[in-house]
Number of protein chains: 2
Amino acid sequence: MDDYQETRCEQCVIRQFNSLRAMSKEELKKVSDTKTTQYFKKGDAIFTEGEKLNGVFCVRDGISKLSKLSSNGKDQIVKLATKGHLLGQRSVISNEPANLSAIAVNDMQVCFIPKEGILNTLNSNSNFAVEVLRHMAHDLKEADDVIVNMSQQTVKQRVAEAFLYMKNNFGEDDKGFLNLTLSREEISNVVGTATESCIRIISEFKKENWIKASGKKLAIINEKALIDLVNS
Amino acid sequence: MDDYQETRCEQCVIRQFNSLRAMSKEELKKVSDTKTTQYFKKGDAIFTEGEKLNGVFCVRDGISKLSKLSSNGKDQIVKLATKGHLLGQRSVISNEPANLSAIAVNDMQVCFIPKEGILNTLNSNSNFAVEVLRHMAHDLKEADDVIVNMSQQTVKQRVAEAFLYMKNNFGEDDKGFLNLTLSREEISNVVGTATESCIRIISEFKKENWIKASGKKLAIINEKALIDLVNS
DNA sequence: CGGTTTCTTGAATCGAATCAAGCCGCGTGG
DNA sequence: CCACGCGGCTTGATTCGATTCAAGAAACCG
């Protein structure tokens with residue numbers, strides 16, 4: 001890792017993927033002066049639900065699951081964040097404790113940006129505010145769609161959708177295996193179901209030759225079948 | 001109705017409840033000059049999913065359900081909007097077709113505000129942008145919570161939650177009956193379940209004396225019991 | 001008043017959760 | 001190097017909750 005000299009935000013390519021690109025050079029410099037780079041290992045918490053956040057986290061590498069504990073004691077993964085995503089924005093903007101926990105699924109490299117830099121820019125640079133707004137609008141639309149899927153689709157459809165989501169958002173390697181590898185339990189926490197139910201459906205998919213497995217890695221073989229299932 | 005002379009936005013008390021209050025006097029005047037007042041009858045669509053919106057709708061009176069059709073053909077009500085809520089914001093900000101349909105549950109009075117007024121102010125007045133952002137952040141938190149509830153709670157818990165939601169957001173009259181009256185089918189579309197299942201649970205609640213009915217109106221008698229059920 | 005829609009209840013069926021047991025891969029320590 | 005234990009994975013059998021189908025009662029409207 002190149003922490004002998006940390007990358008400055010101004011030069012960081014990652015920021016092209018998120019709302020920080022709407023900041024001016026000077027704003028970015030100020031932010032860069034206050035930011036710190038942090039490393040998390042698989043399973044570490046970046047923050048946990050209920051925690052007060054003093055800034056936002058910009059993911060440089062690795063993947064984080066954003067989840068919430070429900071009253072029955074089970075974790076529900078609400079979304080997965082990767083390179084370029086900002087975590088904790090919502091909490092900082094509404095000045096409330098975090099609503100979700102962010103846990104590293106992989107080893108991660110994350111920049112912590114104190115909230116002052118964000119809030120000041122938000123108030124002075126409406127370009128930036130609108131850019132953040134656009135991202136939040138997009139997240140909201142996705143969340144609404146998830147609500148509809150969660151309440152109206154069968155577990156089987158939701159598992160299929162989870163695979164498609166993993167493919168579309170995190171891609172696959174040259175051999176067709178999904179870049180993102182989740183444990184069975186994590187998949188069921190995305191889908192919102194019991195682990196065994198989820199496992200059973202995965203093995204059905206294998207029998208149908210819609211997906212295959214090699215070690216922990218999974219690959220989608222028949223994407224169309226999965227899509228058809230979701231839309232039926 | 002006082003449409004012999006429409007209320008000007010500057011004098012409209014409703015706007016105190018939404019992000020329009022962060023607009024300056026002049027901005028508000030401009031908006032007021034372009035706005036039109038519209039009336040919708042119970043069951044009318046203010047807009048439907050997939051429709052391109054040319055502005056936002058500010059609810060002055062009545063209640064609207066925001067719902068989406070899922071692939072299985074059932075409607076899922078994602079949220080309910082009342083006096084002071086702005087509809088179609090998200091769509092206008094991200095310049096995408098509406099993701100949800102807005103249908104009047106009651107007779108409604110709604111102001112239509114062309115998007116130019118909104119977008120111009122957004123770009124020039126960062127106060128306004130931040131205010132909109134704060135509202136959107138709040139909506140996003142609520143949506144995330146709904147995702148968790150939908151996927152982890154039983155139908156019974158969700159029905160209880162729906163009643164509490166109706167009480168907290170729309171209140172009750174002097175006799176303790178909920179101001180918002182939904183048909184059984186609408187309640188099940190909120191809860192995301194079959195109408196009969198929902199009816200059955202409502203009659204259970206009645207037997208337990210947690211709620212009572214008079215005509216179409218429902219009243220919560222034992223709020224604590226409902227809350228306990230949700231948190232169990 | 002008949003016809004329609006909404007509400008209600010019952011019984012059968014289906015999907016998913018739960019409980020229980022065995023398996024596999026892996027790391028540890030004898 | 002193998003035995004052991006552990007955690008993650010897999011499968012089967014049972015139970016439970018929710019949906020569906022069906023049919024009757026009540027409210028609603030022209």
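Naming: A, B, ... by sequence-line order, numbering from 1 per chain. Note that the structure is a prediction, hence the values are computed from the model and not measured.
- Within a 6.0 Å radius of CZ in B/Phe17, no more than 12 heavy atoms belonging to other residues, nucleotides or ligands are found.
- Dashed line: the shortest gap from a side-chain N or O of B/Lys206 to OP1 or OP2 of C/dT8 is under 4.0 Å.
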Could you run through nucleotides 15-23 of chain D and give me one letter per nucleotide, 5' to 3': B if any protein heavy atom sits under 4.0 Å from the base, S if only the sugar-phosphate is that close, - if neither?
---SBBB--
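- Looking at residues two or more places apart in sequence or on another chain, you find a side chain to side chain contact (heavy atoms under 4.5 Å, CB included) between A/Gln153 and A/Asn149, A/Gln157, A/Arg158, A/Glu161, A/Val230, B/Ser71.
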Just the table, please: protein N/O against nucleotides 12-14 of chain C N/O, every pair under 3.5 Å.
none

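- The side chain to side chain contact (heavy atoms under 4.5 Å, CB included) search around B/Glu142 returns B/His138, not counting sequence neighbours.
- Listed by first and then second residue, the side-chain hydrogen bond (donor to acceptor under 3.5 Å, both in side chains) pairs involving residues 208-219 of chain A are A/Thr181-A/Lys217 (not counting sequence neighbours).
- In the helix from C/dC1-D/dG30 to C/dG30-D/dC1, the rotation axis of the first five pairs and that of the last five pairs differ in direction by 30°, rounded to 10 degrees.
- Atoms CZ (A/Arg184) and P (C/dC23) sit 19 Å apart, rounded to a whole Å.
- Every pair passing salt bridge (Lys or Arg N to Asp or Glu O under 4.0 Å) that includes a residue from residues 81-104 of chain B is listed here, sequence neighbours excluded: B/Arg90-B/Glu96.
- Counting only residues at least two apart or on different chains, the salt bridge (Lys or Arg N to Asp or Glu O under 4.0 Å) pairs with a member in residues 178-192 of chain B are B/Lys65-B/Glu186.
- Pairs engaging residues 40-85 of chain A under the ring pair (Phe, Tyr, Trp, His ring centres under 6.0 Å) rule: A/Phe47-A/Phe57, A/Phe57-A/Phe112 [sequence neighbours left out].
- Look at CG on A/Asn72: it is 17 Å from P on C/dA16, rounded to the nearest Å.
- Residues passing the salt bridge (Lys or Arg N to Asp or Glu O under 4.0 Å) test with B/Asp228 are B/Lys224, sequence neighbours excluded.
- B/Ile211 has its CD1 atom 14 Å from the C1' atom of C/dC7, to the nearest Å.
- Regarding A/Ile199, its CD1 atom lies at a distance of 17 Å from the P atom of C/dG22, rounded to whole Å.
- Applying the salt bridge (Lys or Arg N to Asp or Glu O under 4.0 Å) test to every pair with at least one member in residues 163-179 of chain A, sequence neighbours left out, gives these pairs: A/Lys167-A/Glu172, A/Lys167-A/Glu223.
- Qualifying salt bridge (Lys or Arg N to Asp or Glu O under 4.0 Å) partners for A/Asp107, counting only residues two or more places apart in sequence or in other chains: none.
- Rounded to a whole Å, the NZ atom of A/Lys42 is 15 Å from the P atom of D/dG7.
- The distance from atom CZ of A/Phe205 to atom P of D/dT10 is 14 Å, rounded to the nearest whole Å.
- Atoms NZ (A/Lys216) and C1' (D/dG7) sit 9 Å apart, rounded to a whole Å.
- If you measure from atom CG of B/Leu182 to atom C1' of C/dT6, you get 14 Å, rounded to the nearest angstrom.
- Side-chain contact between B/Lys79 and B/Leu66 is present, with heavy atoms from C-beta onward closer than 4.5 Å.
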